[in-house]
**Q** 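Encoded as C-alpha cells, here's the structure I'll be asking about.
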Amino acid sequence: MDYFTFILTNNVLPIFLIVGVGAMLNYFFNLDVRSLSRLHLYIMVPAFMFNQLYKTEISMQLLGSVILFIIIFLFLLYIIGHSVGKLLKDGKSMENAFANSIMFYNSGNYGIPLITLAFKNDPIAISIQVIVMIAQNISNFTLGAFQASDKGDGFKQTLKGIAKLPSIYALILALSLRLLHIDIWQPVATSLDYLSQAMIAVALLTLGAQLTSTKLDFEWGVLLSNVIRLIGGPAIALLIIKLLGFHGLLAQVLFVSAGLPTAVNTVVLSLEYDSNPDFASKTVFSATLLSAFTETILIYVAQNFIN
C-alpha cells in the first residue's frame, strides 16, 4: 500500500496536475499546440540530452550491460509493435505510432524517482535507471522520430525529416566534448541547465493542451498498447534478463523500469510529424494512470521473486 500511495502521489498526481494546467490554458486561451511541441522538441530536448550525456559519470561495465539489454528489448518491442500495428489495419502511420507507444517509456521524470524510492536511494540502482533514461531518449529521438515521420514517402525523405532534429547534433557534440575533455563556458552551462529543467514541464503542458482536442473514447489500439507496454514489457524484460544471466539489483531495476508508461515525448513527435497525435495522447494518458497499479505490483515482484 505504501508503494501504491507513493507512486500515486509522487509520480502520477504531479504529472496529471501539470497536464491539467495545460488543458485549462488551451481551453481558455486556445494555445498553438504545434508551437509548444516545437519549443520542446527543438530547444528543451537537445539541452536535456546534451546535459545528461556530458555530465553523467557511469561505470563502463554497467553501461555495457544495460545498453545490451536495451538493444535486445527495443528490437523485440519493435517486432511486436509493427506486427500488432499491422493488424490494426489503419495504415503505415498508425503502425509506426503503435510501435512508438510500446517501445518508448517515461524513464526520466517518472522512472528515476520511482526507482529511487523502490530501491532506497541505492546509487547503483539510480545509475542503472539513468543509463536507461539516456538510452531511451537517444532511441526515441532517432528511431522514434524516424518512425513518426515515416508515412510511406520513402527512406530518403524520412531521413531528411529526422536530420532536422537538433537532438542528434547535441548528442554528437556532448560526446565529442567529453572525449576531448573540453569544459563548457559557465554561462552556457547555466543556460543549458535552465532549458533542460524546463523540458518535463513543457512536454506535459503540451500533452494537456493536445488532450483538450482529443476525444477520449475507447479504442482497441490504445488498450492493446497499454497491455503490451505495462504488462508485456516487464514479461519480455524478464525473459531477456534470464537469457543474459543478469541477477540482483541490475535484474530488479531493469524489470521494474520495463513496465513504465508510454513516454510523453511520443506525443511531441506525433504532433511534429502529424502522426496520429490523438492516439499518442490517449496512450500516454491511460498508461500513466494505469501504471500506478501495475508498477506497485512490479516492485513487489522484483523485490520478492527476482534475485
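Quick note: residue numbers are just sequence positions, from 1.
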**Q** First locate atom CD1 of I200, then atom CG of L205, and finally report the distance between them rounded to the nearest 0.5 Å.
**A**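 Nearest 0.5 Å value for the CD1-CG distance: 12.0 Å.
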**Q** Kindly indicate whether the side chain of P277, heavy atoms from C-beta on, has any atom under 4.5 Å from the side chain of V267.
**A**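 Result no, sub-4.5 Å side-chain heavy-atom pair not found.
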**Q** Give, for atom CG of L41 and atom CD of E272, the distance between the pair rounded to the nearest 0.5 Å.
**A**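 So the gap between those two atoms works out to 5.5 Å.
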**Q** Could you state whether L243 and I79 fall into the same hydrophobic cluster, counting links through intermediate Ile, Leu, Val, Met, Phe, Trp or Tyr residues with side-chain heavy atoms under 4.5 angstrom apart?
**A**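 In one cluster with L243: I79, no.
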**Q** Is it the case that T283 and S101 place a side-chain donor and acceptor less than 3.5 Å from each other?
**A**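 Looking only at side-chain atoms, S101 and T283 do not form any donor-acceptor pair under 3.5 Å.
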**Q** Kindly compute the distance separating CG (L8) from CG (L289), expressed to the nearest 0.5 Å.
**A**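 Between L8 CG and L289 CG, I get 8.5 Å after rounding to 0.5 Å.
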**Q** In the structure I gave you, are the side-chain heavy atoms of F255 and V301 within less than 4.5 Å of one another anywhere?
**A**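 Yes, their side chains come closer than 4.5 Å.
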**Q** Treating D278 as the side-chain partner and T214 as the backbone partner, does any N or O pair qualify as donor plus acceptor under 3.5 Å?
**A**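 Answer holds: no.
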**Q** According to the interplanar angle, ranging from 0 to 90°, do the rings of Y78 and H82 count as parallel (below 30°), tilted (30 to 60°) or perpendicular (above 60°)?
**A**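 Ring orientation of Y78 relative to H82: tilted.
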**Q** For I124, is the CD1 atom crowded, meaning more than 12 foreign heavy atoms sit under 6.0 Å from it?
**A**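 Result for CD1/I124: open.
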**Q** Can you tell me if I72 has over 12 outside heavy atoms packed within less than 6.0 Å of its CD1?
**A**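 Enclosed.
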**Q** Going by heavy atoms in the side chains, are R229 and L77 under 4.5 Å from each other?
**A**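 Contact flag for R229/L77 side chains = yes.
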**Q** Counting C-beta onward and ignoring hydrogens, is there a side-chain heavy-atom pair between V66 and L250 closer than 4.5 Å?
**A**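 Touching, per the 4.5 Å side-chain cut-off.
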**Q** Do you reckon M49 sits in the same ILVMFWY cluster as L195, going by side-chain contacts under 4.5 Å, direct or chained?
**A**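 The answer is yes; both residues are in one hydrophobic cluster.
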**Q** Would you say the side chain of V132 lies within less than 4.5 Å of the side chain of Y105, judging by non-hydrogen atoms?
**A**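 Contact flag for Y105/V132 side chains = yes.
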**Q** Using 0.5 Å steps for rounding, measure from the CD1 atom of I70 to the OG atom of S107.
**A**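 Rounded to the nearest 0.5 Å, the CD1-OG separation comes out at 8.0 Å.
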**Q** Are Q61 and S65 close enough that a side-chain donor and a side-chain acceptor fall under 3.5 Å?
**A**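 Short answer, no.
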**Q** Is it true that, when you exclude N307 itself, more than 12 heavy atoms of the residues, nucleotides or ligands shown sit nearer than 6.0 Å to its CG?
**A**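 Open.
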**Q** Pairing donors with acceptors under 3.5 angstrom, does anything connect the side chains of S270 and N276?
**A**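 No pair is found: no donor N or O on one side chain lies under 3.5 Å from an acceptor on the other.
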**Q** Do Q136 and L74 come close enough that some side-chain heavy atom pair is under 4.5 Å?
**A**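 Q136 reaches L74 side chain to side chain.
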**Q** Going from CG on L175 to OH on Y54, what distance comes out if it is rounded to the nearest 0.5 angstrom?
**A**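 If we round to the nearest 0.5 Å, L175:CG and Y54:OH are 12.0 Å apart.
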**Q** Hydrophobic clusters here meaning ILVMFWY residues chained together by side-chain heavy-atom distances under 4.5 Å, can you tell me if L298 and I15 are in one?
**A**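 Same cluster: L298 reaches I15 through Ile, Leu, Val, Met, Phe, Trp or Tyr contacts under 4.5 Å.
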**Q** Can you find a pair of side-chain heavy atoms, one from D32 and one from L36, that are under 4.5 Å apart?
**A**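 Counting from C-beta outward, D32 and L36 never come under 4.5 Å.
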**Q** Verify, without hydrogens or angle tests, whether Q303 (side chain) and A118 (backbone) share a donor-acceptor contact under 3.5 angstrom.
**A**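 Pair found, side chain donor or acceptor close to backbone of A118.
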**Q** Would you please test Q210 and T206 for side chain to side chain donor-acceptor pair (under 3.5 Å) and show each step?
**A** CA-CA 6 Å; Q210 171 62 23; T206 303; over 6 Å; no
**Q** L269 and L143: same hydrophobic cluster, using ILVMFWY side-chain contacts below 4.5 Å?
**A**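 As far as the 4.5 Å side-chain criterion goes, L143 and L269 are connected within one cluster.
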**Q** Dump the intermediate steps for side-chain contact (heavy atoms from CB on, under 4.5 Å) on F69 and I241, then the final yes or no.
**A** CA-CA 8 Å; F69 168 86; I241 287 164; 4.1 Å; yes
**Q** Looking only at side chains, do T288 and Y110 share a donor and an acceptor under 3.5 Å apart?
**A**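 No - no donor-acceptor pair under 3.5 Å links their side chains.
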**Q** Would a 4.5 Å heavy-atom cut-off, applied to side chains only, mark S257 and L260 as touching?
**A**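 Yes; the side chains approach each other to less than 4.5 Å.
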**Q** So which of D183, L53, I182 actually passes side chain to side chain contact (heavy atoms under 4.5 Å, CB included) with L177?
**A**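 Considering D183, L53, I182, a side chain to side chain contact (heavy atoms under 4.5 Å, CB included) with L177 is found only for I182.
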**Q** Hey, quick one: are I43 and V188 part of the same hydrophobic cluster, counting side-chain heavy atoms closer than 4.5 Å, chains of contacts allowed?
**A**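 No, because I43 and V188 fall into different hydrophobic clusters, even though each may have its own neighbours under 4.5 Å.
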**Q** Can you tell me how the ring of H40 sits relative to the ring of F141, calling it parallel under 30°, perpendicular over 60° and tilted otherwise?
**A**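 Tilted.
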**Q** Regarding D193 and K55, does a basic nitrogen lie under 4.0 Å from an acidic carboxylate oxygen?
**A**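 Answer for the salt bridge query: yes.
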**Q** Would you say S191's side chain and P187's backbone share a donor-acceptor pair under 3.5 angstrom?
**A**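 Flag set: sc S191 to bb P187 pair under 3.5 Å.
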**Q** Checking side chain to side chain contact (heavy atoms under 4.5 Å, CB included) against I134, which of N137, I131, I138 comes through?
**A**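 It is I138, the one option of N137, I131, I138 that forms the side chain to side chain contact (heavy atoms under 4.5 Å, CB included) with I134.
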**Q** At what distance, to the nearest 0.5 angstrom, does OG1 of T296 lie from OH of Y300?
**A**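 If we round to the nearest 0.5 Å, T296:OG1 and Y300:OH are 13.0 Å apart.
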